[in-house]
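Structure first, then comments.
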Amino acid sequence: MTSKLSNAQIAWRAAQDIADGAYVNLGIGFPEMVAKFQPPGREAVFHTENGVLGFGEAPAPGTEDWDLINAGKKAITLKPGAAFFHHADSFAMVRGGHLDVAILGAYQVAETGDLANWSTGPKGVPAVGGAMDLVHGAKRVAVITDHVTKDGKPKLLQACTLPLTGVGCVTRVYTSLAVIDIEDGHFVLREKLPALSFDDLQAVTGATLHLDGAVADLITPEL
Amino acid sequence: MTSKLSNAQIAWRAAQDIADGAYVNLGIGFPEMVAKFQPPGREAVFHTENGVLGFGEAPAPGTEDWDLINAGKKAITLKPGAAFFHHADSFAMVRGGHLDVAILGAYQVAETGDLANWSTGPKGVPAVGGAMDLVHGAKRVAVITDHVTKDGKPKLLQACTLPLTGVGCVTRVYTSLAVIDIEDGHFVLREKLPALSFDDLQAVTGATLHLDGAVADLITPEL
Amino acid sequence: MDKRIATLAEAVAGIEDGAVVMIGGFGGSGAPIELIHALIDRFIATGSPKNLTVVNNNAGNGHVGLAALIEQGMVAKLICSFPRSADPKVFTELYLAGKIALELVPQGTLAERIRAGGAGIPAFYTPTSYGTDLAQGKPVEEFDGRPYVRERWLKADVALIKAELGDHHGNLTFRMAARNFNPLMAMAAARTIAQVSHAVEPGGIEPEQVITPGIFVQGIVEVPAPAQEEALNRANAHYPEVTA
Amino acid sequence: MDKRIATLAEAVAGIEDGAVVMIGGFGGSGAPIELIHALIDRFIATGSPKNLTVVNNNAGNGHVGLAALIEQGMVAKLICSFPRSADPKVFTELYLAGKIALELVPQGTLAERIRAGGAGIPAFYTPTSYGTDLAQGKPVEEFDGRPYVRERWLKADVALIKAELGDHHGNLTFRMAARNFNPLMAMAAARTIAQVSHAVEPGGIEPEQVITPGIFVQGIVEVPAPAQEEALNRANAHYPEVTA
């Protein structure tokens, strides 16, 4: 039995909440995986900061066009109905509240909705990209993440200790163990792995998990 | 002998100061006439607020396309190299300092460079259009106007008495009698009709005319 | 995804009393005449929507389009830059009678406020209107030694716009200078309805030639061979038609 | 009017020591590699321009284009959103050694600051970066109950950009996602030089399809079949070429 969801399974779960026709921005890296798991019959329109709406999967190796890339600088393809635009229009879409969903990775998420996902501290070269813009404006900002850090420490906290990306911006967290909403400064548990007890989940969560009605089973396919 | 220049002659004089390749906005009405008098071999690119660069003369009556108009809502034609753009881009050109020259009409101009050209007071329906934008941003804002009002009162004043369009924005005035620069809060006389004495010109001007070197003869063709 | 709406009546069905409605166009160029007339039809049939705040560069011309909307008494307030034109009698009479409110905004500031609304910029500074009556009551601040006026964004519940091509995703192109305020208003409204002269399949507009990406558009309704305000006014048209 | 410049060397001749230079592109897409290399050639030949402030989304990749410019020591300061990538070794080493300054700006704020510079908007408010380290020292104000950070415009002495078609008036189109920052930088620089893959006569671009109107462009230089940064890096290219 799986003790936690794989990244693919977390991505799959997040994908189930994306409506047909939604405009969606997926953060660089792990969040990009969400695109693979759209339920049959639904088609989201994906936005990338560098000025493309309506892109599809990566092209076959060797057929890349390096003027057709996503924010992670990976080659993409276009779907019918795609559009190009410049960076100011692209971030007007982001900041202006036109995206339905942004799904991002996280180092830490606080019960206040604060997110830390751009800097692990003062060492090295800082780089922020579009993260601070994406957390503002999208109608729904969700995070997908392992429930704990690689060394087992909670990533869901009362307050972030790492530099913030945004204040009070995250409304739902899909983790390797649970689906948790952020409401009025609280973590509200919506779904958890069936085999995991509430207490065990609470033990690896850095802030109080609240309940608001029944907690559903978090069940995903094997992926 | 003409005692004053006709509108066409004022427009002609203003046109002589427009360089080849200059980007120019001509205000609605009288200033539009300036376009007719570009010196041979020079071609300015005309901008209109509603989103066209590089337009030409009016089309033949009956051949108008009402999606191809200028800010005065008159039908225009396009020259090769024309471009369409939306209103925000159009006023980015204006406000952002990209126009070389804006030539506007005036009710009053003050020696400070203040301009009043949008409202004759609280009566009736107020309407401002793009006038307040045009006076800011163009590298050179010039006015063409009769030297005095219809009832003989000065239009060039120490301070405007009508509602202002902009503060300290005009740098040159082409009138029916003279060409006058505005420098450091002073009217500086550059050219006047040869038959007109300085004192007679001063008498119909509402602020002191300063001299800075020789005053040239203001000579225009019969038009 | 298919944002097509079958009829003009459906397209304007959701607009409520008291709504802020942006209407595209500069004079007649780019004005969504048929959408406006559908709104008038609805008002005549149902008494709604009324008490509208309309954002447009002008105040209509003659007795069609925006002028007809105003003539019906549906508009409580107009936000515009230039409510004067060849025949703005409808607006002028109501305004001088104190029956319609006017917020006069310099044209470039109007365009930028609408763009700001669409781009999530709540306020910005502009040199425009500094030292004039139209800056009264607005914060002023100096940057690099020059004074600027602070202006707020402008948003709307609904935008009614006119486009040339529109695909099922809502991607739009515009015909010549009919572009004007249309792409900006599309950005600034919670719900943007575009009348398009030609509805095309996704892929029917080159991605590089899209002017308004579909994310800014919630519905398109095809109106082939749309009327042109200038032509209607030259024919002295009234909407609804005056029957003798 | 003919804004064509015959050679890349002439195109970059006017850029002075200490200049603020905007360089278009997002990663390699839309990056004017040939213009950058011409600037490097000039520096190697004359020792100038140096001490540049460069505005770009990134910090270059590998040893070509912007990375090569940085590697030459020509750049004193970089204003960008994301100076990390597959091989940003050149920037990283200079930065960690304290030999290049960095102003880190969120990507959307960077784009908007550049647009503001081009549009004559000295400052604007954005929700982006509120409550974060990148808002430190910036004025904060509440609008409609939500806090926003005030940001200043960004202007440049020169913009070096890359376009697809360019006519003699400087009207430009861009290829796919290579558009990115290029049209914005064209607006924000006192002097914008575009390398274009195809120079065409006026009229060679449909007026409705112009993305950057010529008023924003001071010179174009034709570079047929321009190099693509990604391809150069996959071939481990260095500029100037490393001779064994």
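Note: hydrogens, waters and symmetry copies are ignored here, and every other heavy atom, side chains too, is used. On a predicted model such as this, the values are computed, not experimentally measured, just so you know.
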*asked:* Between D:Arg175 and chain A, with a heavy-atom cut-off of 4.5 Å, which part of the residue counts as in contact: side chain, backbone, both or neither?
replied: both

*asked:* So for A:Val94, is it side chain, backbone, both, or neither that comes closer than 4.5 Å to the heavy atoms of chain D?
replied: neither

_Option that, when pairs with chain D are counted at under 4.5 Å, heavy atom only, ranks first among A:Ser119, A:Ala82, A:Gly124_ = A:Gly124

*Would you mind reporting whether A:Arg95 and D:Thr126 have side-chain heavy atoms less than 4.5 Å apart?*
yes

*D:Arg113 portion near chain A, given a 4.5 angstrom heavy-atom threshold*: neither

*For D:Pro183, is it the side chain, the backbone, both, or neither that has a heavy atom closer than 4.5 Å to a heavy atom of chain A?*
side chain

_Proximal component of A:Thr48, with respect to chain D [non-hydrogen, under 4.5 Å]_ = neither

_Residues, nucleotides or ligands: over 12 heavy atoms within 6.0 Å of A:Lys139 NZ_ = yes

_Given heavy-atom pairs under 4.5 angstrom as the criterion, report whether the side chain, backbone, both or neither of D:Asn57 touches chain A._
side chain

*asked:* At a heavy-atom distance under 4.5 Å, which candidate from D:Gln228, D:Glu229, D:Arg115 has the highest pair count against chain A?
replied: D:Gln228

_Structural part of D:Phe174 lying under 4.5 Å from a heavy atom of chain A_ = neither

_With chain A as the partner, which of D:Ile114, D:Ile211, D:Asn58, D:Asn182 has the greatest number of non-hydrogen pairs under 4.5 Å?_
D:Asn58

*Return the option, out of A:Leu164, A:Asp67, A:Ile76, A:Val52, with the maximum number of heavy-atom pairs under 4.5 Å with chain D.*
A:Asp67

*If you tally heavy-atom pairs under 4.5 Å against chain D, which of A:Gly129, A:Gly51, A:Gly72 wins?*
A:Gly129

*Under 4.5 Å heavy-atom distance to chain D, tell me which part of A:Phe91 shows up: side chain, backbone, both or neither.*
side chain

*Among D:Ala231, D:Pro147, D:Ser129, D:Ala135, which has the most heavy-atom pairs under 4.5 Å with chain A?*
D:Ser129

*asked:* I need the residue from D:Leu110, D:Val105, D:Thr132 with the largest number of non-hydrogen atom pairs under 4.5 Å to chain A.
replied: D:Thr132

*Which one of A:Pro126, A:Gly166, A:Pro163 has the most heavy-atom pairs closer than 4.5 Å to chain D?*
A:Pro126

*Count the heavy atoms belonging to other residues, nucleotides or ligands that lie under 6.0 Å from NZ of A:Lys153, then report whether that count exceeds 12.*
no

*asked:* Counting only non-hydrogen atoms closer than 4.5 Å, does A:Asn70 touch chain D with its backbone (N, CA, C, O), its side chain (CB onward), both, or neither?
replied: backbone

*Step through the shown structure and confirm whether more than 12 heavy atoms of other residues, nucleotides or ligands are within 6.0 Å of NZ on D:Lys89.*
no

*Top residue by heavy-atom pair count (under 4.5 Å) with chain A, among D:Gly108, D:Ala111, D:Ser29?*
D:Gly108

*Relative to each other, are the rings of A:His87 and D:Phe26 parallel, tilted or perpendicular (30° and 60° limits)?*
tilted

*Which bit of D:Asn61 comes within less than 4.5 Å of chain A, counting heavy atoms only: side chain, backbone, both or neither?*
neither

_Quick check on D:Leu102 against chain A: is it the side chain, the backbone, both or neither that has a heavy atom closer than 4.5 Å?_
side chain

*Return the minimal non-hydrogen interatomic distance between A:Glu49 and D:Gln107, and the atom names on each side.*
CB-OE1, 3.6 Å

_Shortest non-hydrogen contact between D:Pro106 and A:Met132, atoms and distance_ = CG-SD, 3.9 Å

*For the residue pair D:Arg234 and A:Trp66, establish whether any side-chain heavy-atom pair is separated by less than 4.5 Å.*
yes

_Non-hydrogen side-chain atoms of A:Val125 and D:Phe91 separated by less than 4.5 Å_ = yes

